[in-house]
Amino acid sequence: MNNADIAHAFEELADLLELRGENAFRIRAYRGGAKAILELTEPVADILADPSRELTSFAGIGATLAEKCAVMVAQNCLPQLDELRAKTPPVLLKMTRIPGLGAKKAALLVQELGIESLEELRQACQEGRVQKLKGFAAKTEQQILAGLEIAEAASQRLRIDQGESLVFRLRSHLQACTSIEQLEFAGSFRRGRETVGDIDVLVVSQNANEVMDRLESFPGRVSTTLRGDTKMSIRVDDQFQVDLRVVPAESFGAALQYFTGSKEHNVAIRGRARKLGLTVNEYGVARLDAPEEYIAGRTEEELYAALGLQWIAPELREGRHEIEWAEQGAAPHRLVELGDIVSDLHMHTTATDGGNTLEEMVAAARSRGLLYIAITDHSKRVSMARGLDETRLLAQWQQIDAFNARQSDGFRVLKGIECDILESGPMDLPNEVLAEADWVIASVHYGQKQSRVQITDRILGALRNPHVDIIAHPTGRLLGARPAYDVDLQAVFEAAAEQGKALELNASPRRLDLSEENLLAAVKHGIPIAINTDAHSIEGLDVMRYGVQQGRRAGLEPQQVINTWSLETLLQWLEHE
DNA sequence: GCCGTTTTCGGCCCGACTGTTTTCAGTCG
């Protein structure tokens with residue numbers, strides 16, 4: 001089992017233990033362990049095999065988890081997990097997807113009524129058998145019936161761009177409410193996760209009722225699942241959840257911090273507060289001996305400062321090492337920002353499957369403040385996109401040379417190509433042609449179902465080609481649509497580092513490839529990252545912001561990102577690479 | 001199950017809302 005498998009096993013173990021009503025801290029320990037394993041930059045098996053090293057030296061992995069890792073590496077399975085799976089009715093997990101139904105109530109339903117499927121649960125509700133149980137009544141039964149539809153709609157996560165468009169709609173709707181003094185979207189959206197599970201809206205207002213009424217009239221609302229004095233939840237299209245919280249102005253920073261999360265980050269923050277004799281909630285920071293008197297909370301900076309910490313960028317708040325960093329003033333000095341980006345090194349034109357001409361793409365890039373770009377149309381293997389053969393490519397490059405010669409402001413178009421790595425291994429275009437390019441991207445588009453060894457060998461072969469500068473979308477995943485191909489990224493990272501090549505962070509919200517975890521690992525290998533839009537039209541250039549945010553989540557500083565470099569720096573790097 | 005500058009046992013973040021309760025447990029974020 002590899003690290004991802006082990007982490008996944010611990011996650012599943014935590015889920016199952018939770019369903020069984022186990023100790024919450026034990027469950028947290030398994031989740032923490034899963035996270036720690038995912039962050040390792042080398043295989044667990046290698047660490048176990050090295051007698052001079054201990055898995056327990058990593059925070060979050062104790063004797064028990066280390067032992068279980070050893071079992072999984074040796075036996076390729078975890079007997080305890082198999083046992084737990086066998087004795088946990090599969091319907092339990094499905095039932096907890098029903099809002100308001102947690103582990104305890106679900107277990108009671110299974111135990112008392114012998115429920116084995118969501119359909120049986122529906123029948124039991126319709127026949128009034130649920131409300132006869134202790135702790136249940138007519139209202140709960142109705143809630144379960146209504147919730148069944150939500151569980152079945154599977155209220156999946158939205159991609160960040162889909163979440164963003166919902167945020168725009170909510171913002172413009174809520175802005176009409178005059179009693180709103182401040183409005184911020186928090187949660188995983190603010191942290192810039194690649195997908196969001198719900199939208200969290202934080203509002204400062206003297207009149208919470210008016211704000212809630214306004215949200216109630218949101219055109220996309222299908223139901224209101226909860227409404228109290230300061231807190232409200234609605235369901236919008238496809239049962240997606242939106243949470244609203246109204247707080248006083250003096251608590252805005254504390255509430256924003258709390259509402260932004262992540263859960264793990266908040267647990268760590270509050271644990272740290274306790275060690276300092278303080279307590280933190282969404283209203284502010286207070287001393288443990290005077291919990292009513294808030295000493296900080298108007299802004300996030302104030303809250304973090306009260307805990308002796310630098311402000312932490314939302315993208316880093318995942319309960320990893322960000323608190324240690326902030327404590328030691330060792331956070332990434334400055335995370336990359338959209339304003340740092342001066343180039344885009346992967347885009348297409350009408351020569352292949354793009355929607356705009358070279359001139360139009362350049363004009364759009366210029367207007368977005370870029371100083372240079374690379375035109376990288378497809379190579380001939382991508383016949384559906386009318387990929388370029390040698391002749392057409394050389395003609396395009398002549399066109400680019402002529403275009404560059406006409407520019408007086410120093411804007412430069414690099415002669416590039418997104419060259420396929422053929423199923424059989426070699427590059428789609430001959431080396432003599434690639435040698436003439438300024439910038440060569442190598443991509444896997446075909447044969448994505450090949451074996452791990454085959455795909456890895458293809459990519460390693462491309463990295464060894466002296467003309468290849470970078471591998472695009474290194475895992476080929478499409479969020480929610482297509483899984484990554486089976487590739488040994490560890491080997492890819494090592495080869496890229498050794499050959500001095502770059503890797504792409506494809507900024508398209510459908511890809512965001514490399515993923516955050518893989519990006520973290522790549523950066524630890526010292527590999528330069530290019531954040532590219534892979535634009536197929538002028539509008540496609542605007543996805544850069546998603547890529548930048550993903551990069552920030554991995555702690556990328558500007559100098560680690562090729563697109564922040566001046567053209568001279570890039571050209572120098574290309575020569576020595 | 002993890003962890004340690006009040007340490008190897010006894011803590012472990014905190015509050016809102018709901019339903020079924022006569023004071024609180026369960027759920028959620």
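Here is how names work: the chains are called A, B, and so on, in the same order as the sequence lines, proteins then strands, and each is numbered from 1.
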Inset, instruction - In whole angstrom, give the distance that lies between atom CD of A:E67 and atom P of B:dC2. - result: 11 Å
Legend entry - Gap between atoms CZ and C1', on A:R191 and B:dG29 respectively (whole Å): 11 Å
Legend entry - Any donor-acceptor N or O pair under 3.5 Å, side chains A:H173, A:S217: yes
Legend entry - Selected nucleotide, minimal atom distance to A:A59 side chain, candidates B:dG15, B:dT27, B:dC3: B:dC3
Inset, instruction - Let me know the distance between CE of A:M95 and P of B:dG26, rounded to the nearest Å. - result: 15 Å
Legend entry - Gap between atoms CZ and C1', on A:R245 and B:dC28 respectively (whole Å): 12 Å
Inset, instruction - From the options B:dC17, B:dG29, B:dG1, select the nucleotide whose nearest atom is closest to the side chain of A:F259. - result: B:dG29
Inset, instruction - Check if the side chain of A:Y283 and the base of B:dG15 share a donor-acceptor pair of N or O atoms closer than 3.5 Å. - result: no
Inset, instruction - Return no unless some side-chain N or O of A:Q143 is found under 4.0 Å from OP1 or OP2 of B:dG19. - result: yes
Inset, instruction - Would you kindly say whether A:S52 and A:D50 are connected by a side-chain donor-acceptor distance under 3.5 Å? - result: yes
Legend entry - Spacing of the C1' atoms in B:dT20 and B:dT27 (rounded, Å): 14 Å
Inset, instruction - Using a heavy-atom cut-off of under 4.0 Å over every strand shown, decide if A:I98 touches base, sugar-phosphate, or nothing. - result: sugar-phosphate
Legend entry - P spacing across the pair B:dA16 / B:dT21, given as an integer number of angstrom: 24 Å
Legend entry - Length of the CD-P vector between A:Q257 and B:dG29, whole Å: 18 Å
Legend entry - Given B:dG26, B:dG1, B:dG15, the nucleotide with the shortest approach to the side chain of A:E282: B:dG15
Legend entry - Pairwise P distance for B:dC17 and B:dC12, with rounding to whole Å: 25 Å
Inset, instruction - For A:A103, answer base if it contacts any base atom (sugar-phosphate contacts may also be present), sugar-phosphate if it contacts only those atoms, and nothing otherwise; contact means non-hydrogen atoms under 4.0 Å. - result: sugar-phosphate
Legend entry - Phosphate OP1/OP2 of B:dC28: any A:Q241 side-chain N/O under 4.0 Å: no
Inset, instruction - Could you work out the separation of B:dC13 and B:dC2 based on their P atoms and round it to a whole Å? - result: 16 Å
Legend entry - Rounded C1' spacing from B:dC9 to B:dC14 in Å: 24 Å
Inset, instruction - Would you tell me if any nitrogen or oxygen in the side chain of A:R28 comes within less than 4.0 Å of OP1 or OP2 on B:dC13? - result: yes
Inset, instruction - With heavy atoms under 4.0 Å as the rule, sort A:I27 into base, sugar-phosphate or nothing. - result: nothing
Inset, instruction - Measure from the side chain of A:D200, starting at C-beta and using heavy atoms only, and say which of B:dG29, B:dG26, B:dC17 lies closest. - result: B:dG29
Legend entry - Under 4.0 angstrom between A:N266 side-chain N/O and B:dC13 OP1 or OP2: no
Inset, instruction - Nearest whole angstrom, please: distance from the C1' of B:dC2 to the CD1 of A:I37. - result: 14 Å
Inset, instruction - Using distance alone, with no hydrogens and no angle criterion, decide if A:T224 and A:R221 have a side-chain donor and acceptor under 3.5 Å apart. - result: yes
Inset, instruction - Would you check if there is a donor-acceptor pair between the side chains of A:R28 and A:N23 at a distance under 3.5 Å? - result: no
Inset, instruction - Quick one: label A:L65 by what it contacts on the DNA or RNA (base, sugar-phosphate, nothing), any heavy atom closer than 4.0 Å. - result: sugar-phosphate
Legend entry - Whole-Å distance separating the CG atom of A:L108 from the P atom of B:dT20: 13 Å
Legend entry - Rounded C1' spacing from B:dG15 to B:dT22 in Å: 22 Å
Legend entry - Exercise: do A:N3 and A:E42 side chains pair donor with acceptor under 3.5 Å: no
Inset, instruction - Under 4.0 Å between any heavy atoms, over every strand shown, what does A:G135 touch: base, sugar-phosphate, or nothing? Just pick one. - result: sugar-phosphate
Inset, instruction - Indicate, with a heavy-atom threshold strictly under 4.0 Å, whether A:G60 touches base, sugar-phosphate, or nothing. - result: sugar-phosphate
Inset, instruction - Supply the atom-to-atom distance A:L512 CG to A:L505 CG, rounded to the nearest 0.5 angstrom. - result: 6.5 Å
Legend entry - Interatomic distance where CD1 belongs to A:I144 and P belongs to B:dT20 [whole Å]: 10 Å
Inset, instruction - Verify the contact: side-chain N or O of A:K263 to OP1 or OP2 of B:dG29, cut-off strictly under 4.0 Å; return yes or no. - result: no
Legend entry - A:E116 CD: over 12 foreign heavy atoms closer than 6.0 Å: no
Legend entry - Flag for A:R190-A:T260: side-chain donor and acceptor within less than 3.5 Å: yes
Inset, instruction - May I ask you to evaluate whether A:R274 reaches the phosphate of B:dG11, defined as a side-chain N or O under 4.0 Å from OP1 or OP2? - result: no
Legend entry - Nearest-nucleotide comparison on DNA chain B, the residue closer to the 5′ end among A:N23 and A:A138: A:N23
Inset, instruction - Check whether any side-chain heavy atom of A:R245 lies under 4.5 Å from a side-chain heavy atom of A:T230, and answer yes or no. - result: yes
Inset, instruction - Have a look at A:Y258 and say if it touches a base, only the backbone sugar-phosphate, or nothing, with a 4.0 Å heavy-atom cut-off. - result: base
Legend entry - Under 4.0 angstrom between A:T230 side-chain N/O and B:dC17 OP1 or OP2: yes
Legend entry - Spacing of the C1' atoms in B:dG11 and B:dT6 (rounded, Å): 13 Å
Legend entry - Phosphate contact (B:dC2 OP1 or OP2) by A:R26 side-chain N/O below 4.0 Å: no
Legend entry - Under 4.0 angstrom between A:T64 side-chain N/O and B:dC2 OP1 or OP2: yes
Inset, instruction - For B:dT8, give its Watson-Crick or G-U wobble partner with both distances under 3.5 Å, or none. - result: none
Legend entry - Which nucleotide in B:dC12, B:dC17, B:dG29 has an atom nearest any side-chain atom of A:F25: B:dC12
Inset, instruction - By nearest nucleotide on DNA chain B, pick out whichever of A:L288 and A:A29 is the more 5' one. - result: A:A29
Inset, instruction - Could you tell me whether the phosphate oxygens of B:dT18, OP1 or OP2, come under 4.0 Å of any side-chain nitrogen or oxygen in A:T140? - result: no
